[in-house]
Amino acid sequence: MKEIIYTVEGLLPETVVIKVRKQLQISEDLDTEVDRAAKTYGFYAVLAEKAETRYQKIKFACETWIAETEATAHSERCREKLKAYTEAQMKAHVRSQAKYRAFQIKLIRFDEHRRVLKIIAKAFELKKDLIQTKAANRRRED
């Protein structure tokens, strides 16, 4: 199985690099695994929430910009005594703007980050549960 390396920039001062297979693998040193499990899960759960917040902020900024662009276009049309744009024309006008494309590219990237980090946090939660089960089974064997 190949290693998946996932990189996220902008959530912390330094870039976060996640080597998924390596970090999710459970070693035979269960004491160390138990010690690390909760803090690792907590780290990625918080990181996932930060990614969610970042996505929501950029989404709000995009929606605000769209509303302002539509209002400006409407005002200009009124001032020039032109017929108002239809809904389809307004949509096309907004989507033709370079800033709209920039927002969409960022939204797609940030959405990926939030979804992937949520899945990684869930994987670490499952790892934590598996470590607890493995440790309990080992104690029963002893």
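Numbering starts at 1 and runs along the sequence shown.
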Exercise. Between Phe124 and Ile5, is there a shared hydrophobic cluster once you connect ILVMFWY residues whose side-chain heavy atoms come closer than 4.5 Å?
Worked result: no
Problem set entry | Non-hydrogen atoms of Gln104 and Cys62 that approach each other most closely | NE2-SG, 3.7 Å
For this session: Determine whether Leu117 and Leu11 make a side-chain contact, defined as any pair of heavy atoms from C-beta on separated by less than 4.5 Å.
Result: yes
Seminar exercise, completed: Applying side-chain hydrogen bond (donor to acceptor under 3.5 Å, both in side chains) to Tyr44 and not counting sequence neighbours gives Gln23
Problem set entry | In one Ile/Leu/Val/Met/Phe/Trp/Tyr side-chain cluster, 4.5 Å: Leu30, Tyr41 | no
Exercise. Is the number of heavy atoms from other residues, nucleotides or ligands within 6.0 Å of CZ (Arg36) greater than 12?
Worked result: no
For residues 45-53, which side-chain N or O atoms pair as donor and acceptor with protein atoms under 3.5 Å away, sequence neighbours left out?
from: Glu52; atom 1: OE1; to: Arg114; atom 2: NH1; distance (Å): 2.8
from: Glu52; atom 1: OE2; to: Gln56; atom 2: NE2; distance (Å): 2.9
from: Glu52; atom 1: OE2; to: Arg114; atom 2: NH1; distance (Å): 3.2
from: Thr53; atom 1: OG1; to: Glu49; atom 2: O; distance (Å): 3.1

Problem set entry | Cluster check Phe110, Trp65: I/L/V/M/F/W/Y, side chain < 4.5 angstrom | yes
For this session: Would you indicate whether Leu130, at its atom CG, is surrounded by more than 12 heavy atoms from other residues, nucleotides or ligands within a distance under 6.0 Å?
Result: yes
Exercise. Any salt bridge between Arg109 and Glu9, counting N to O under 4.0 Å?
Worked result: no
For this session: For residues Lys134 and Ile131, determine if any side-chain heavy atom of one lies less than 4.5 Å from a side-chain heavy atom of the other.
Result: no
For this session: Find out if a path of hydrophobic residues (ILVMFWY) with successive side-chain heavy-atom gaps under 4.5 Å connects Leu12 to Val20.
Result: yes
For this session: Could you grab the distance from atom CD of Glu76 to atom OH of Tyr85, nearest 0.5 Å is fine?
Result: 8.0 Å
Exercise. Quick one: are Glu112 and Ile108 in side-chain contact, heavy atoms under 4.5 Å?
Worked result: no
Problem set entry | Worked verdict on His93 versus Thr69 for side chain to side chain contact (heavy atoms under 4.5 Å, CB included) | CA-CA 9 Å; His93 170 72; Thr69 302; 4.2 Å; yes
Exercise. Looking only at heavy atoms, which two atoms of Val8 and His113 are closest? And how far apart?
Worked result: CG1-ND1, 3.8 Å
Exercise. Going from NZ on Lys99 to CD on Glu68, what distance comes out if it is rounded to the nearest 0.5 angstrom?
Worked result: 8.0 Å
For this session: Compare all side-chain heavy atoms of Arg115 with those of Tyr55 and state whether any distance is below 4.5 angstrom.
Result: no
Problem set entry | Results of side-chain contact (heavy atoms from CB on, under 4.5 Å) for Ser27 - residues two or more places apart only | Asp29, Glu33
For this session: Show your reasoning for whether side chain to side chain contact (heavy atoms under 4.5 Å, CB included) applies to Ile119 and Tyr6.
Result: CA-CA 12 Å; Ile119 290 167; Tyr6 195 73; over 6 Å; no
Seminar exercise, completed: One should read off an interatomic distance between Phe43 CZ and Ile18 CD1, to the nearest 0.5 angstrom, of 7.5 Å
Problem set entry | CD (Glu87) with more than 12 external heavy atoms under 6.0 Å | no
Seminar exercise, completed: dist Lys128:NZ -> Lys39:NZ (nearest 0.5 Å) comes out at 15.5 Å
Exercise. Are Leu126 and Ile26 in one and the same hydrophobic cluster, where Ile, Leu, Val, Met, Phe, Trp and Tyr link if side-chain heavy atoms are under 4.5 Å apart?
Worked result: no
Problem set entry | Heavy-atom donor-acceptor pair, Glu3 side chain to Lys22 backbone, under 3.5 Å | yes
Exercise. How long is the span from the OG1 atom in Thr7 to the NZ atom in Lys19, to the nearest 0.5 Å?
Worked result: 10.0 Å
Problem set entry | Point-to-point distance, once rounded to the nearest 0.5 Å, from OG of Ser75 to CD of Glu80 | 11.0 Å
